[in-house]
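Worksheet for the structure shown next.
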Amino acid sequence: MPRFTIVVPVFKVQGYLAACLDSVLTQDFDDYEVIGVDDCSPDASGAILDDYARRDERITVLHLAQNVGLSGARNAGLTQARGDYVLLLDSDDTLTPGSLRALAARLDATGSPDVLIYDYARTYWDGKVLRNTLSGLLSEEGADTFRLRERPQLLNLLQIAWNKAYRRDFLEGLGLRFPPGYYEDTPWTYATLLAADSVSVLDRVCVHYRQRREGGNILRTVSRKHFDVFDQYARVYDFLDALPDGAHWRTAMFGRMIDHYLKVLEQPGRLPEDARSEFFHRAAADYRARVPGGFTRPEGLRGYKYALLERDNFRLMAGVGNAAKGRRVAKTTARQTIRKSKRTAMGLLYRSHRQADLDPNLALFSSYWSRSVSCNPAAIAAETSRIAPHIRQVWAIRPDRMSQVPAGVQAVPVGSREFWAMAARATYFVNNVNFADALVKREGQIHVQTHHGTPLKKMGLDQRDYPVSTGMDFTKLMERVDRWDYSLSSNGHSTRIWERVYPSNYTTLESGYPRNDVLVNATAADVRAARTELGLAEGTTAFLYMPTHRDYERDFRPRVDLARLAARLGPDTTLLVRGHYFYDAPSELAERGGGRVIDVSAHPRVETLYLASDALITDYSSAMFDYANLDRPIIVFADDWEIYSAVRGTYFDLRVEPPGAVAFSEEELVDILLSGEWCDAESASERAAFRRRFCEFDDGHAAERVVRRVFLGEQRMRPITPVAERSPVPAPSALSLPVPPSSANGPRTHAQWA
């Protein structure tokens with residue numbers, strides 16, 4: 001039997017589950033089993049559990065037939081436990097390094113007590129870590145083991161089940177199971193502590209208790225379900241009645257119960273306003289029914305609240321709460337006044353426009369910091385024109401880029417009077433980055449965050465641990481994230497990362513990336529037209545070279561000698577070179593290539609470049625994830641992998657999970673291209689696995705899904721066509737017919753669709 005059984009109940013935690021499991025699997029103590037209980041989670045949590053179980057035999061997965069809630073999931077795991085001791089770990093929390101070894105050592109040193117209590121720390125999205133404020137109660141001074149009578153102050157600890165190791169034989173003898181409800185930890189915690197013949201403590205933080213920005217904690221949910229606390233204390237008192245020394249604990253338990261009731265009553269964001277009076281009267285009834293003989297109320301304000309409960313006087317209690325609320329409102333108003341005084345960028349015009357009604361049919365689009373009409377927002381705009389033509393589309397464009405707006409597209413310069421008028425009254429906002437901080441989200445406005453790539457490099461809150469984040473204001477970032485109503489995803493990998501690194505209350509739409517629809521739906525005629533537009537002769541092999549931005553480089557300088565590479569590849573090869581949009585276009589590239597190097601950095605449609613090319617050469621660009629939809633060869637040139645991964649960080653190792661052949665030097669790149677390794681069976685196999693993983697939702701109908709959900713309000717999305725059932729457009733090498741004149745127009749642009 002293992003030393004520990006760790007029960008992990010799982011429900012809608014796909015963004016956090018991997019971190020939880022990794023915190024267990026990377027411990028320096030391996031005598032344990034993990035029982036992951038999938039409580040019919042509607043997201044990818046169950047699949048994540050299965051993936052981990054395939055890779056580590058210590059993990060057992062239970063998939064429940066129906067959703068039973070946290071208590072039922074824990075109980076299901078407990079029935080399968082084989083360890084000497086049972087630990088309960090919530091699936092969005094993590095074990096600290098070395099905690100299992102420390103627990104095992106303490107259990108050995110204290111003679112295998114019934115219950116071992118250990119400490120925790122709250123962790124916050126901004127990196128702050130705060131240890132339990134009552135950690136002093138876990139001092140290891142004195143007897144190694146004791147009964148609760150000897151240290152009754154331990155009852156003051158937070159009523160949680162996951163900061164303790166329980167001897168399995170003790171639990172089975174007690175016959176204890178978690179009851180249903182919001183406050184299921186309350187009867188469990190008190191019962192185990194009161195019934196234990198031996199208790200020990202470990203003065204060490206073993207769990208990081210995640211404080212999720214986006215909620216995830218039902219105790220911070222406004223609901224009548226908080227009335228459940230009364231049923232849970234009824235169970236506690238039933239347990240006391242059955243204990244031989246239960247009478248001894250009635251005074252202490254009464255104080256804990258009343259304090260808990262008062263906390264639920266007074267904590268903002270728990271009870272609906274119209275339920276507060278009813279809750280108070282229920283609490284007052286419990287007070288009078290269970291107050292021990294000779295009970296002395298505490299002193300001060302706490303004692304005054306006890307007296308109001310005893311007298312069932314809600315009017316005076318509401319007065320106490322209103323006074324406190326008044327103080328909070330005054331402080332909040334003062335802070336808001338200061339903030340408003342600093343918002344000079346909005347100007348009087350913007351504020352005046354915000355007094356007008358929203359235009360229900362107005363949508364403001366932006367892309368790449370208002371640089372262009374492109375990417376996912378452009379694809380959504382085009383589909384909106386097709387199936388929701390009543391929506392008026394306006395693009396926010398930088399003043400210096402207004403001349404590049406396609407014909408037929410309405411645009412306003414960012415910062416202009418027209419822009420602020422649109423920002424004040426638009427109902428819909430669609431962007432692949434974020435709108436400016438000065439934009440105030442009004443009630444009724446809907447923001448769609450499309451993103452602009454599948455993340456290989458670390459993003460959002462994950463950037464805090466890397467040098468490139470120096471100077472980044474993560475508080476401001478999270479305020480921008482809080483404006484999102486929808487976040488688009490093209491694969492489960494992205495979904496899990498976005499939800500974790502951009503925690504807020506938006507809805508994830510696993511729609512696919514709209515910009516990739518054109519790649520999936522393209523025809524042979526589109527490929528021929530793209531080749532013709534770029535002047536690529538029949539029989540020419542075109543490699544599209546697209547390196548990404550590097551935070552540690554100020555200018556774009558190809559990491560290979562392109563002219564030399566083109567010469568070595570021969571006259572039938574052309575290099576299409578596209579620098580990252582963060583850099584100025586490297587116009588001198590083509591001059592050195594002898595006609596076989598074409599600078600396409602300024603080309604308005606990257607999709608045309610994808611369709612025209614035979615293969616992609618990139619490094620760490622998200623282009624590889626989009627290009628994989630074409631099922632054409634991808635070559636990774638990772639000569640500075642160690643630097644890039646250290647400075648920016650990555651979510652997986654491209655050297656281990658590549659989309660095709662990988663080169664670490666220019667010579668290796670040349671060998672791969674000349675030998676045919678770039679398009680051999682092994683690279684095709686790697687590409688197939690990559691495509692299954694990262695093109696999961698890109699089936700050619702992404703834009704339609706978004707438009708129908710956001711602009712038309714349809715809740716049911718079109719089912720995703722599996723990757724195996726899709727037929728990519730033929731590669732250029734498979735086409736031999738000349739280009740028909742009628743089809744030489746290239747892929748449809750936003751302007752043509754609109």
Practice problem: Please report the C-alpha distance between Asp84 and Arg167 in whole Å, then the side-chain angles of each, then the deciding distance to 0.1 Å, and finally whether the salt bridge (Lys or Arg N to Asp or Glu O under 4.0 Å) criterion is met. | Solution: CA-CA 6 Å; Asp84 296 331; Arg167 189 164 56 81; over 6 Å; no
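- Side-chain contact between Tyr306 and Ile258 is present, with heavy atoms from C-beta onward closer than 4.5 Å.
- A side-chain N or O of Glu33 and one of Thr5 form a donor-acceptor pair less than 3.5 Å apart.
- Counting heavy atoms from C-beta on, the side chains of Ile6 and Val24 come closer than 4.5 Å.
- Side-chain contact between Arg496 and Ile48 is present, with heavy atoms from C-beta onward closer than 4.5 Å.
- Side-chain contact annotation: Asp482 with Tyr506, donor-acceptor N/O pair under 3.5 Å absent.
- The aromatic ring centres of Tyr166 and Trp188 sit less than 6.0 Å apart.
- Side-chain contact annotation: Tyr118 with Trp162, donor-acceptor N/O pair under 3.5 Å absent.
- A donor-acceptor pair shorter than 3.5 Å cannot be found between the side chains of Ser198 and Thr145.
- Inter-residue side-chain proximity for Tyr183 and His226 is flagged as met; some heavy-atom pair is nearer than 4.5 Å.
- Looking at Arg256 and Tyr190, their side chains come closer than 4.5 Å, going by heavy atoms from C-beta outward.
- Donor-acceptor pairing under 3.5 Å is lacking for the side chains of Tyr32 and Arg3.
- Within the 4.5 Å cutoff, side-chain heavy atoms of Val229 are placed close to those of His260.
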Practice problem: Check the pair Asp203, Arg131 against salt bridge (Lys or Arg N to Asp or Glu O under 4.0 Å), reporting the backbone distance first and the verdict last. | Solution: CA-CA 11 Å; Asp203 186 9; Arg131 188 171 182 178; 2.6 Å; yes
Exercise. May I have the step-by-step check of side-chain hydrogen bond (donor to acceptor under 3.5 Å, both in side chains) for Glu184 and Gln232, ending in yes or no?
Key: CA-CA 7 Å; Glu184 72 289 329; Gln232 302 298 3; 5.8 Å; no
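- By the 6.0 Å contact criterion, CZ on Arg311 is open, its count of non-hydrogen atoms from other residues, nucleotides or ligands being 12 or less.
- Heavy atoms of other residues, nucleotides or ligands lying less than 6.0 angstrom from NZ of Lys12 number 12 at most.
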Quiz item: Can you list the steps and then say if Arg54 with Asp51 is a salt bridge (Lys or Arg N to Asp or Glu O under 4.0 Å)?
Solution: CA-CA 5 Å; Arg54 281 192 294 269; Asp51 182 55; 3.5 Å; yes
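- Note: Phe29 and Phe4 meet the aromatic proximity criterion, with ring centroids under 6.0 Å apart.
- Rounding to the nearest 0.5 angstrom, the gap separating the CD atom in Gln27 from the CZ atom in Arg101 is 9.5 Å.
- For Phe227 and Phe279, the ring centers are positioned less than 6.0 Å apart.
- Inspection of the Thr186 and Gln159 side chains reveals an N or O donor paired with an N or O acceptor under 3.5 Å.
- Classification of Asp259 and Arg302 as a salt-bridged pair holds, one side-chain N sitting under 4.0 Å from a carboxylate O.
- Looking only at atom types and distance, the side chain of Asp286 has a donor-acceptor partner in the side chain of Tyr261 under 3.5 Å away.
- The side-chain heavy atoms of Tyr120 and Asp93, taken from C-beta on, include no pair separated by under 4.5 Å.
- Between Asp185 and Phe178 the shortest side-chain heavy-atom distance falls below 4.5 Å.
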